[in-house]
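All remarks here apply to the structure that follows.
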Amino acid sequence: MPFFINVILPLPLENHFTYSVSKAEAEFLKPGMRVAVPFGKSKIYTGIVAEVHQNDPQIYEAKPVEQILDETPVVTEAQLKFWYWIASYYMCTVGEVLRAAIPSAFLLESETIVQVLKGVSINDEDLSDDEFLLFEALQSQSSMKINEIIQLLDKKTVLPVINSLVEKKIIAVNQEIYEQYRPKVERHVKLHDKYSEEAAMHQLLDELSRAPKQREVIFTLFGMAAKSNGAVKVSELCKASNASSAVIKALINKQVLKEIEVETSRIAFEGGELSNMVKLNDHQQQALEEIEKAFETEDVCLLHGITSSGKTEIYVELIEKVIASGKQVLYLLPEIALTTQLITRLQNYFGEKVLVFHSKYSVNERVEVYQNVLRNTEKARIVIGVRSSIFLPFHDLGLVIVDEEHESTFKQYDPAPRYNARDLAVVLGKMRDAKVLLGSATPSLESYFNAVHNKYTLVNLDRRYGNVLLPEIEIVDIKEKHRKKRMTGHFSDRLLEEIREALNEKEQVILFQNRRGFSPILECNTCGHSPQCPNCDVSLTFHSHNNQLRCHYCGYHIAMQLKCMACGSIELSTKGFGTEKVETELKALFPGHQIGRMDLDTTRGKHGYEKIISAFEQGEIDVLIGTQMLTKGLDFRNVRLVGIMNADTLLNFPDFRAHERSFQLMLQVSGRAGRTQKRGRVLIQTYNPHHQIVQQVSTNNFLEMYREQLEERRNYKYPPFYRLIRITLKGRDYTRVNEGADWLATSLKNSLHENVLGPEFPPIARIRNEYYKNILIKIPQKQSLAKTKNLVSRVLQSFKAIGAYRGVKTVINVDPY
Ligand code: ADP
Ligand code: ZN
Ligand code: ZN
């Protein structure tokens, strides 16, 4: 009987692919191991073994595997099970989950490489023109990939040419598969063995008397090597002996020093003393006990603790107990909150037991985290990470903490799987028998609903640590201020007064302006034209620092215009205001102060974000202006005043969640004020001072907001009462997208009736020259989710089979918020 394996390939394919293996291979292979397999015409992919079996696929002939890449599985069976769950729930393929779940460096790249055999001599007349051309090219390049040969010969079918040259024994083709991952190595040097004798050593020093720099290096090495059994890092040696690397190189060449390469970990804890845990106050202690009590019988707990109530210290206590019992802890954070602040805090308590999984980590760093978790090392007791760390190969997970659980960055939008890591944490907890703690000062409506309806246990913590008062919140009616001419640019007289006072008392200020999308656009005063992106349906926004007009969707940019492109008028003005505009105005108003800005533009690069945060912490910045990024769980000590420049842009956002989000955002940003004894102050500027959300923020009334919003959700058929699936159609051909969307919506309405909404163009209907149209499916609680998804899949399959709609892509998003 022949043997087969099913392989998951990192591709959006509906099915598994089956490959044949020998009996010995079948006995060796286990689910979760990597294999290199041929796919398509000449491609080799790395896949994960899902199953070893003896069922011939019959409809096609199973090809043999190319190579087995692992001795032991890199994916655990528990992970595989989790992947299948995700694929089914979020309506994507397991291959797509695979691609999101393991570091890309694990998915070996395969390239077919062609080389000339050594020492061949040829007879020109024996070769065709193409063959000769290729042979000649290979003389100068030593090896070429298939793709390069296609370009060289300018034709698609190059395989016959290659085959013919192989038959003539002129070239060799080998599938070279290489691992992209390379561990980081550090150069160390030590004294050559021959100088272990004292006499040899003295002779050396004599010889070096005419090379004082080299002598200095040897002396320094003595001192350092005593502490590090012989070998020292080249960079450190250079620094300590004040020598250039050329000096070291000379010593290596003379064979005085020996060079060794040492593999190091990229994710090492930098060392330092561990701090003791703090003692919880009574309120924290009580919350902790409630959580522990709940975990005796329940799986999920929601900790609703106001800003600065000391939630982190409670997490620390729980983590301590879980790792003491030998289990692992996963601490999930929203993308941007992954600041050095929290990591430092946890590393101070737990030292080397903390691993960090950051979105800005390099491929190799991710591999190291993955390997440590897989091998269940001492370093992998606690993993702090962003949403994708939910996929790590935990062995014995005891606790998952989802901090700031209301954050929308737990949801992945593109590409598939379009998962929400908070929701997956609950699923993972169930599967792995781990407890899940959701924490927030402003829980999401769904989680709070689940807590109120006894799906989760609710624990409240409504006192700030040290009994610091919540900030005083003042609403400033800017319509009124405009009327009375009390505005300077975008600042009301009240806000300016408060800023002045805080700065006089050497305290800091945070100003919040909603995201970049509200940045200034250029408008012609004569004809009203504003420059548009040629690829997307949006106006270009003005960036003063480089004097450009840019598209925030596709990156298209042009120089700032001096004349209107439509009518030639030179009377142009900028409308709207972003963080940059606020910064410019403020610099003019407070020339003697340091003003910083934190938004997507200023935080690019690996440490961009940390740099600004730490400058603010160190008091190098007096006023920090920022977007959403500012709201996330930061703990600043000296912030007296928080100003919200304009609440209305948040409230008017066209989304069913806009009000909930506005509440969360404003309350979170307010929470940055006055975290020490002195009471902080928050000013909210708005055109709608009586808006219920503004009122609820100013009175810190979460419950009222919850009840009101829940009522709206019930009335308008939104979560948690209805589940949502959104189908987006996109394509370059406007008519096809339009007609395809109509067909799809009509077909769905046949069975789902009034619970299918649309098709509708989204607010921005064209991005990068592709047209978008949305269909929204609402699923009532009593309707089967699985059956509905089945139906949707079937309808989509019929859709894909229709020739007229070819080129129209469909994107399914389950829980699209
Ligand atoms: P939250 O996460 O709820 O906003 P934090 O955990 O950041 O609050 O706590 C706010 C501040 O109070 C932090 O600076 C923290 O170090 C301090 N803190 C909290 N609990 C204690 C405690 N039991 N003893 C000493 N300091 C504490
Ligand atoms: Zn004009
Ligand atoms: Zn664009």
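Just follow the structure's listing: the first ligand is 1, and inside any ligand the first atom is 1. In this text the structure is predicted, and so the values were computed from the model without any measurement.
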Check your understanding: Is ligand 1 less than 4.0 angstrom away from at least one heavy atom of Arg464?
Key -> no
Practice item. Return yes when Ser309 approaches ligand 1 closer than 4.0 angstrom through a heavy atom, no otherwise. Key: yes
Revision key, fill the gap. Rounding to 0.5 Å, atoms CG (Asn700) and CE (Met705) come to a distance of 10.5 Å
Review point. Less than 3.5 Å between some nitrogen or oxygen of Gly310 and one of ligand 1, yes or no?
Key: yes
**Study point:** Glu472 and Arg681 ion-paired at < 4.0 Å
**Key:** yes
**Study point:** Side chain, backbone, both or neither: Thr312 near ligand 1, heavy atoms under 4.0 Å
**Key:** both
Check your understanding: For Leu330 and Ser389, which heavy atoms make the closest approach, and how far apart are they?
Key -> CD1-OG, 3.9 Å
Review point. Hey, is the Zn ion (ligand 2) within less than 2.8 Å of some N/O/S atom on Cys567?
Key: yes
Point to revise | Qualifying residue, where the test is side-chain contact (heavy atoms from CB on, under 4.5 Å) with Cys551 and the options are Pro531, Cys533, Pro534 | key: Cys533
Point to revise | Sub-4.0 Å atoms of ligand 1 with respect to non-hydrogen atoms of Lys279 | key: 22 (C), 23 (N), 24 (N)
**Study point:** Residue of the set Glu407, Glu405, Glu404 for which salt bridge (charged side-chain N to carboxylate O under 4.0 Å, His left out) holds with Arg422
**Key:** Glu405
Practice item. Have a look at the Zn ion (ligand 2) and estimate, to 10 degrees, the angle subtended by SG (Cys527) and SG (Cys564). Key: 110°
Practice item. Tell me, yes or no, whether the heavy-atom count around Glu620 atom CD, taken from other residues, nucleotides or ligands under 6.0 Å, exceeds 12. Key: yes
Practice item. If you have a sec, read the angle at the Zn ion (ligand 3) from Cys551 atom SG over to Cys533 atom SG, to 10 degrees. Key: 110°
